[in-house]
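For the numbers below, each heavy atom of this structure counts, side chains included, while hydrogens, waters and symmetry mates do not. Keep in mind the model is a prediction, meaning the values are calculated, not measured. Quick note on labels: first sequence line is chain A, next is B, and so on, each numbered from 1.
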Protein chains: 2
Amino acid sequence: MARQSSPKAGRREPRPEPLTKPLENTETIDFDIIELLFFSYRDFVSDPDAILAKSGFGRAHHRVVHFVNRNPGMTVADLLDTLKITKQSLARVLKQLIDSGYIQQKAGPEDRRQRKLYPTATGRDLALALAEPQSRRIERAFDGASAEVRAGVKAFLSGMQNRQNSKAD
Amino acid sequence: MARQSSPKAGRREPRPEPLTKPLENTETIDFDIIELLFFSYRDFVSDPDAILAKSGFGRAHHRVVHFVNRNPGMTVADLLDTLKITKQSLARVLKQLIDSGYIQQKAGPEDRRQRKLYPTATGRDLALALAEPQSRRIERAFDGASAEVRAGVKAFLSGMQNRQNSKAD
DNA sequence: AATATATGTCATGATTGCTGACATATATTC
DNA sequence: GAATATATGTCAGCAATCATGACATATATT
């Protein structure tokens, strides 16, 4: 390989020469996968984004609606732990979803300080509508995949997560 | 399955009853995969975020540094097409990266209106430093996976993308 | 010479994250 | 019962990153 950044002898060089060789995959670094994750996630969230824009909601609302529908009765603390955002960040979107009738709060039956979160029928409809194009996309991506590959993809995605997302976090 | 939202007869009900049944996977909707994608992407970008925070850069800088290192000589238009953002959004981060000496611009040799983008040595170092923890995470997620599964994951991620990211977009 | 293209820039606004501070209601502990 | 801890809400302000629209400049193309 030719050297790229040797300064030209005797000439004043205000900046070093830039690199022209592409960064390629190596033994240890798989740039292809890194890019695939970027592109696939970008497109994966684009469908819901388009739907949400009509209601004046954003991606943050999507996450809240999704998890409350998946875990009705979860508390605000549970939600903060799942989303890993601050309560002030959550407060804005949660308030909008409650005011718009997508989510309801109920005081916890044992611990009345808690606010348990439940979807309304409208909230459930929205969660399903948002999941629908994402599911179609996933099904398309799995087209023709063996059961082993499908399980392998799930294992891969699980393995990408930080360890121990347990309560004791 | 029990009905959940039948109004109680004869009593004034200011709000319909919220739903308490979790939204589960169905034939057509795989909520598990939807969540796995959310969690895995969130954690996938967390490592670079931590590194970038030290330099005062953000996720947007990461993307620019990554793609310019992968495709030295790409034009501003190429980059806009890849990132799918507006030139005004790109302008800020690109300017910062140029001013800080991570990226250089050169007028196109044939078309002098173009600004071809190249990484500096510093820019390449940054790209590699950012890719390193992501690669370790990917390797960990692939631990023990067969060649078929590895190929299957790549195919899955490719299939998740919108069709034809070609020039004719 | 007129028009199109690639890029840069200015102004402005929305969303979504953050921090710090403080308030309220309820549980727990001394 | 008083003190303290916890779950939640809220106010004020800051920052990053996306967006839109309008306009400027240099260079290509017709």
Original post:
So what's the dot-bracket for DNA chain D: Watson-Crick or G-U pairs under 3.5 Å, [ ] if a pair crosses, | if it pairs off-strand?
Top reply: ||||||||||||||||||||||||||||||
Original post:
Please, which pairs that meet ring pair (Phe, Tyr, Trp, His ring centres under 6.0 Å) have at least one residue in residues 103-136 of chain A, sequence neighbours excluded?
Top reply: none
Original post:
Heavy-atom contacts under 4.0 Å between residues 65-76 of chain A and DNA chain D, which residues?
Top reply: A:Thr75, A:Val76
Subject >> Within residues 82-107 of chain A or reaching into it, pairs that qualify as ring pair (Phe, Tyr, Trp, His ring centres under 6.0 Å) - sequence neighbours excluded >> reply: A:Phe57-A:Tyr102
Original post:
Tell me the ring pair (Phe, Tyr, Trp, His ring centres under 6.0 Å) pairs involving residues 67-88 of chain B, sequence neighbours left out?
Top reply: A:Phe38-B:Phe67, A:Phe39-B:Phe67
Subject >> Minimum-distance nucleotide to B:Gln88 side chain [options: C:dA11, D:dC11, C:dT16] >> reply: C:dA11
Original post:
B:Thr120: what forms a side chain to side chain donor-acceptor pair (under 3.5 Å) with it, not counting sequence neighbours?
Top reply: none
Original post:
Once each nucleotide of nucleotides 23-30 of chain D is scored for protein heavy atoms under 4.0 Å, what B/S/- sequence comes out, 5' to 3'?
Top reply: ---BBS--
**OP:** List in chain and number order the residues that pass side chain to side chain donor-acceptor pair (under 3.5 Å) with A:Gln88, two or more places apart in sequence or in another chain; answer none if no residue qualifies.
**Re:** none
Original post:
Mind checking what makes salt bridge (Lys or Arg N to Asp or Glu O under 4.0 Å) contact with B:Arg140, not counting sequence neighbours?
Top reply: none
Subject >> Partner residues of A:Asp143 under the salt bridge (Lys or Arg N to Asp or Glu O under 4.0 Å) criterion, sequence neighbours left out >> reply: none
**OP:** Determine the contact category for A:Arg92: base if any of its heavy atoms lies under 4.0 Å from a base atom, sugar-phosphate if only primed atoms, P, OP1 or OP2 are that close, otherwise nothing.
**Re:** base
**OP:** Under the side chain to side chain donor-acceptor pair (under 3.5 Å) rule, collect the residues that match up with B:Ser158, sequence neighbours excluded.
**Re:** none
**OP:** Report the residues that fulfil salt bridge (Lys or Arg N to Asp or Glu O under 4.0 Å) with A:Asp125, sequence neighbours left out, ordered by chain and then residue number.
**Re:** none
